[in-house]
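As the structure is a computational prediction, the values presented were derived from the model and not from experiment. We name chains A, B, ... by the order of the sequence lines, and we start the count at 1 in each one.
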Amino acid sequence: MLFDKPENTVSAKREEEILEFWEKENIFKKSVSNREGAKKFVFFEGPPTANGTPHPGHVLTKAMKDLIPRYKTMCGCQVNRKAGWDTHGLPVELEVEKQLGLENKQGIEKYGIEAFIKKCRESVFKYEAQWREMVTRGGFWIDMDDPYITCTNNYIETVWWMLSKFWEDDKLYEGHKVVPYCPRCGTALSSHEVAQGYKEVEDPSVYVRFTIKGQTNTYFLVWTTTPWTLISNVALAVGKDIEYVKVKLNEEYLILAKSRLEVLGGEGEVVENYTGKDLLGMEYEQLYPFVVPQKKAHYVIAGDFVSTEDGSGIVHIAPAFGEDDYRVGKENDLPVIQPVGLDGKFTAEVTPWADKFVKSADPEIIKDLKISGKLFKSAKIKHTYPFCWRCNSPLLYYARHSWFIRTTAFKDEIIKNNDKINWFPEHIKEGRFLNFLENMIDWAISRDRYWGTPLPIWVCKDCGHHHLVNSIANLKEMGENVSDDIELHRPYVDEIILKCPKCSGKMKRVPEVIDCWFDSGAMHTAQWHYPFENKENFDNLFPADWICEAVDQTRGWFYSLLVTGTFLHKTSPYKNVTVLGLICDKNGIKMSKSKGNVLDCMSLFHKYGADAVRWSLYSGTAPWNTRRFYEEAISDSQKRYLGTLQNVYSFFVLYANIENFNPFKHNIPVAERPEIDRWIISRFNHTVEEVRKALDKFEVVWATEKMEKFVDDLSNWYVRRSRRRFWTSEGNTDSLSAFLTLYEVLVGIAKLTAPFTPFIAEDIYRNLVCKIDSSAPESVHLCDYPVSDQSLIDVELEDRMDFISRVVVLGRAARNEANLKVRQPLSEMKVVVSDSFSRNALKNMEHLLQEELNIKSVSAVEDSSSLMRYVAKPNFRNIGKGPYKGLMPQIKSHLEGADGNEVRKHLESGEYVFEIDGKPVTLKSEDVELQALASDEYSVQSDGKMSIALVKTLSRELLLEGFARELVNKIQFMRKEQGFDIVDRIRVGYEVCDADKQVDIDEAVESFGESIKEDTLALKIGAIDSEMGESAEWNINGINVKLAIAKETK
RNA sequence: GGGCCAUUAGCUCAGGCGGUUAGAGCGCUGUGCUGAUAACGCAGAGGUCUGUGGUUCGAGUCCACAAUGGCCCA
């Protein structure tokens, strides 16, 4: 045996053997090192967090991130693939807190920061083994032995260096950020966490009088649901274009929005009208003067968020406790009054309520307002308010101290760089991403947490000088007793005291760590520990030619890369980016742990094979669309593509072994091979061209479509039609051509499919090539990607075959309609042809049609008027381009009314001329489409471009042959059913049940006995005898016949 | 509230330059093959291309508005 017999099914076992082979022979590493010195295709890996199990979404990402680098490698590029791990951040901390049963930051500090971050470090790689297993088993090639890891000293050192660049350029500053904050846990919550904790509650709803300066007895009427924030009030906001009124009510004057007059309960009298603009700048008296503002405060400003849906249309502004408040506060340079501690309690300055939790102070504040006469009205309101999902405390919006990167200072450059990126799909570029960039605010990069890259800023206790440490060397130089194995994490770096360069005082580090998005966004530089080492790597491998992640990275990684790249390297760190869509279940519901609809990838790999999972992710729909992912989709794609390919491959091996065919011993130039061989070779080269074109544009799904079509053509046309050529054992040229052709095409498709389905590709290649050619590369993944040979593409031949297969489709349809099964031979098919191309094609490929349709003769007829009736229609495409463009409707109705057969005759002899509104119109045959309608004598089919007619009449001869073919069919079935071996000889007994039909069957056996015997390996056909097995009654084209068979011992 | 995407056969999806019979796979019905066989082939039925307007000789495709669903941002 020259070739190994392939497994019948795509087995997981085969894939696992291939994995072992890759591992043992280091094929991945070789695929990279082989291309040393070649043009580089730069790929950046977006680092996943390994503190959870991999999800189908990750498999999709990995699959795409594997395909393109494999393709580019085979195209001759060197594609380094350094893996990465994102290791810092709140999710990791939360996981550990849960594991340790800790409930808040106090708990962590009690537990000990050092012990805590040790646990974090362990937890980060808790699922690494599972990730490795998924990545390896999926055939996703990436260098996991030398990954970049965001929590290593090297990585952190580069991040510090990058931060220093921002610092030196005054792009890193201190400020405040209003965050949803849980005072009990002492932590800010992410928007996702906040969304989990909304509840409907009853809160106070109070209207308060703010005394206007310089006007007696006149007040702004202000509404709030958080009375405790009134102490921090610094301004009132109105809508610029909203109408306001002054109302005289009893002895006082109140100002509020005109459309909110209902607040006054229908009382009072409007004495003056304003628009918001008129009120701007008006000053009022501070409500609670516990804290004296350091800047100008307590006047009216404009706010675009002011609405008149509730309240009074005048909004109280406390920048310390509201996002909008903070923003307008900054815009108007208002002070921030924040007499509330991180524990949510008032500080000592607020004498009456010091050390009281702010929300609990509300009733007392209301009481106090009432006593002082500031309260206009007080009630309760039901609304939704966020609570901590962990401890159920009401969240406070709280301005926390934070560090920012001044991204808005180079926003224009960022947007300019975005313009140079190729986005796939394109709409993200000008849509979602640009929208995000245009609404950019400064990037709050600090986090009041433990497990993260420490913000390397030290502050002098004495003179307040700030210093940003930009390297370990710098740390050692300025710090006291920095040990050589210092770990750049809390609490170790917290303990380091620097000597102040200004006053020699002691400097301590600020407590914050940084946002882990900065970590991952720094990878283009930090993965190399640049500039401390690997300068060359950085120079050669920046920027990336291509990156690819899911759509949720638009404001994540895609953004952080672009920001850091633009600032540091003045360019986008990536040139092309493919954005992947969401993974949903069969019902279009997003796959998520909480919904319990996540498919387990490893079991899918085991059940269907990684190739099948991969193909199902590449095909079907474009990668950026939302993708429904479910088992049937995988088994479908397995059957549709891999199963078909596997079948052809097994077929080849089966017969190549029987014939002992060795492709290296024969050489038949393609030009000398039969047409059908040249056809499939042409189709192959065409497919190569299209697949390359698609992949060069990252249009993955187009490539899969072309490949599926090709494999279908190969199996269901080429092999089907050529089957008999593989059965001969005589080694004639025709048979050898077939073997050579199928061999070459199979090896070609193995290479073509290698980046997509690397396992089956390797299997085919190793068996068909390495088995007999020791000089060939040991793996398909070390080969070059097929290049389409233009000289082997024969468009005319492909068109001709296309024409023939259309004739076949029509022929089969005609048979179906006339209820004539293919087993029943027919005498004649007429094909109506009007041009020399079809006439040639028909003549040329007559035998294909005869075999495929079981028809004795195929003839071309020029004139079909006796067969069918024609209806003429304009060829819109042609006419629309010509001078009669404007007359289309008239032409259409004329042609519909005309005698189609007449029109056809005219066209055949040149042109068809008629008049519309007295003007002549001349049409050529390409301007008109003719459609045929059926007639009775024939079974006629037409597809608009051509027509065929099957002669339905059966001669005695055809009828008998039909019986014979039917008998063969039943006998073969019985052979199989009774478990005979393929080579067993038999004798056949028959008995006709309908006496008057006896003669028909007898005659059929007489005339076609030899061919029946040949096909069924029968030695004799006669009456049923007693030694034969159980007889069975069959319907042989309407005649009931009993059949029995017995083994002949020779 | 803002941005973007989607809506095509019972289901999952193609439809690249606007051209008149809108395609594929699955499912369904019928049927074939039995020397690739626990497969597979073929045929048929099945569509007001979400709706309404518009541009055009011609719209699934371009434009406007609307509806429904999704993602993101507030």
Side-chain angles (χ1 to χ4, degrees), chain A residues 6 8-9 191 305 307 323-324 425 427-436 438-439 550-552 554-555 581-582 584 586-590 616 619-622 624-630 632-633 635-637 639-641 643-644 646-655 658 693-694 697 699 701-702 704-705 708-709 712 715-717 719-720 723-724 726-727 808-817 819 821-823 852 854 873-881 884-892 929 931 941-945 968-970 972-973 975-977 982-983 1015 1017:
Chain A
N8 257 341
T9 53
S191 57
F305 48 86
S307 88
E323 223 174 319
D324 284 330
H427 63 78
I428 303 263
K429 176 181 186 161
E430 307 282 340
R432 183 179 290 216
F433 199 57
L434 185 63
N435 180 245
F436 182 70
E438 277 172 343
N439 294 323
V551 66
D552 55 344
T554 0
R555 64 203 187 90
L582 225 66
C584 293
K586 192 173 182 176
N587 304 313
I589 315 272
K590 185 178 170 177
S616 78
S619 60
T621 192
W624 41 82
N625 290 338
T626 306
R627 178 183 295 272
R628 300 189 183 198
F629 188 64
Y630 47 98
E632 296 93 301
S635 63
D636 270 6
S637 79
K639 279 183 206 157
R640 194 170 60 243
Y641 180 66
T644 314
Q646 176 73 26
N647 262 344
V648 175
Y649 166 49
S650 313
F651 174 87
F652 172 80
V653 171
L654 180 66
Y655 289 102
I658 291 174
K693 225 187 265 171
K697 288 193 278 185
E699 288 282 4
V701 71
W702 291 1
T704 63
E705 276 166 23
E708 286 185 1
K709 179 75 181 89
D712 186 59
S715 171
N716 290 322
W717 190 250
V719 171
R720 228 159 86 86
R723 209 181 266 168
R724 287 183 178 276
F726 294 92
W727 292 350
V808 167
V809 167
L810 291 177
R812 280 199 278 247
R815 270 185 172 278
N816 251 23
E817 194 182 79
N819 204 12
K821 58 175 88 167
V822 180
R823 242 192 332 258
E852 188 64 25
N854 194 16
K873 276 186 148 187
N875 180 339
F876 292 91
R877 185 167 212 147
N878 265 356
I879 297 175
K881 283 177 193 152
Y884 304 124
K885 193 171 138 180
L887 295 171
M888 196 71 83
Q890 292 96 313
I891 294 177
K892 186 182 176 200
E929 281 187 5
Q931 192 178 352
Q941 288 289 318
S942 173
D943 69 357
K945 292 186 184 96
V968 168
N969 173 245
K970 301 311 173 203
Q972 296 285 40
F973 184 84
R975 281 185 63 114
K976 191 179 171 193
E977 199 180 43
I982 250 173
V983 293
D1015 285 352
L1017 297 185

Using a heavy-atom cut-off of 4.0 Å across all strands, would you classify A:Arg723 as base, sugar-phosphate, or nothing?
base
Taking A:Arg640 for the side chain and A:Glu708 for the main chain, is one N or O donor matched with an acceptor at less than 3.5 Å?
no
Starting at the 5' end of RNA chain B and moving along, which residue's nearest nucleotide shows up first, A:Asn878 or A:Gly620?
A:Gly620
Classify the nucleic acid contact of A:Tyr655 as base, sugar-phosphate or nothing, counting any heavy atom under 4.0 Å across all strands shown.
sugar-phosphate
Picking from B:rC42, B:rA14, B:rA36, the nucleotide nearest the side-chain atoms of A:Leu654 would be B:rA36
Give me the distance, rounded to whole Å, that separates B:rU55 from B:rC63 when you measure between the C1' atoms they each carry.
7 Å
In terms of heavy-atom contacts, A:Ile891 and A:Tyr884 come closest through CD1-CB, 3.6 Å
Taking for each residue the nucleotide of RNA chain B with the nearest heavy atom, is it A:Ser715 or A:Ala813 whose nucleotide lies nearer the 5' end?
A:Ser715
Among B:rG25, B:rG41, B:rC57, the nucleotide that comes nearest once only the side chain of A:Arg640 is considered:
B:rG25
Between the side-chain atoms of A:Arg432 and the base atoms of B:rC71, is any donor-acceptor pair under 3.5 Å?
yes
Give the nucleotide from the list B:rG35, B:rC57, B:rC72 with an atom nearest to the side chain of A:Lys590.
B:rC72
On the nucleotide B:rA14, are OP1 or OP2 found under 4.0 Å from the side-chain N or O atoms that A:Thr621 carries?
yes
Among B:rA36, B:rA43, B:rU20, which nucleotide has an atom closest to any side-chain atom of A:Asn647?
B:rA36
Name the closest nucleotide to the A:Lys885 side chain, picking from B:rG41, B:rA36, B:rC57.
B:rC57
How many Å lie between CG on A:Asp636 and P on B:rC11, as a whole number?
16 Å
Looking at B:rC13, I'd like to know if its phosphate oxygens (OP1 or OP2) sit under 4.0 Å from a side-chain N or O belonging to A:Arg628.
yes
Looking only at side-chain atoms of A:Val551, point me to the closest of B:rC71, B:rA39, B:rC42.
B:rC71
Phosphate OP1/OP2 of B:rG32 contacted by A:Lys821 side-chain N/O (<4.0 Å):
yes
Has the side chain of A:Asn875 got a donor or acceptor atom that lies under 3.5 Å from a matching backbone atom of A:Arg877?
yes
If you compare every side-chain N and O of A:Asn969 against the phosphate oxygens of B:rU34 (OP1, OP2), does one of them come in below 4.0 Å?
yes
Would you tell me if any nitrogen or oxygen in the side chain of A:Asn625 comes within less than 4.0 Å of OP1 or OP2 on B:rA14?
yes
Is there a side-chain contact between A:Tyr630 and the phosphate of B:rU12, meaning an N or O under 4.0 Å from OP1 or OP2?
no
Donor-acceptor contact present, side-chain A:Arg815 to main-chain A:Lys821, <3.5 Å:
yes
Between the main-chain N or O of A:Lys639 and the side-chain N or O of A:Thr644, is there a donor-acceptor pair closer than 3.5 Å?
yes
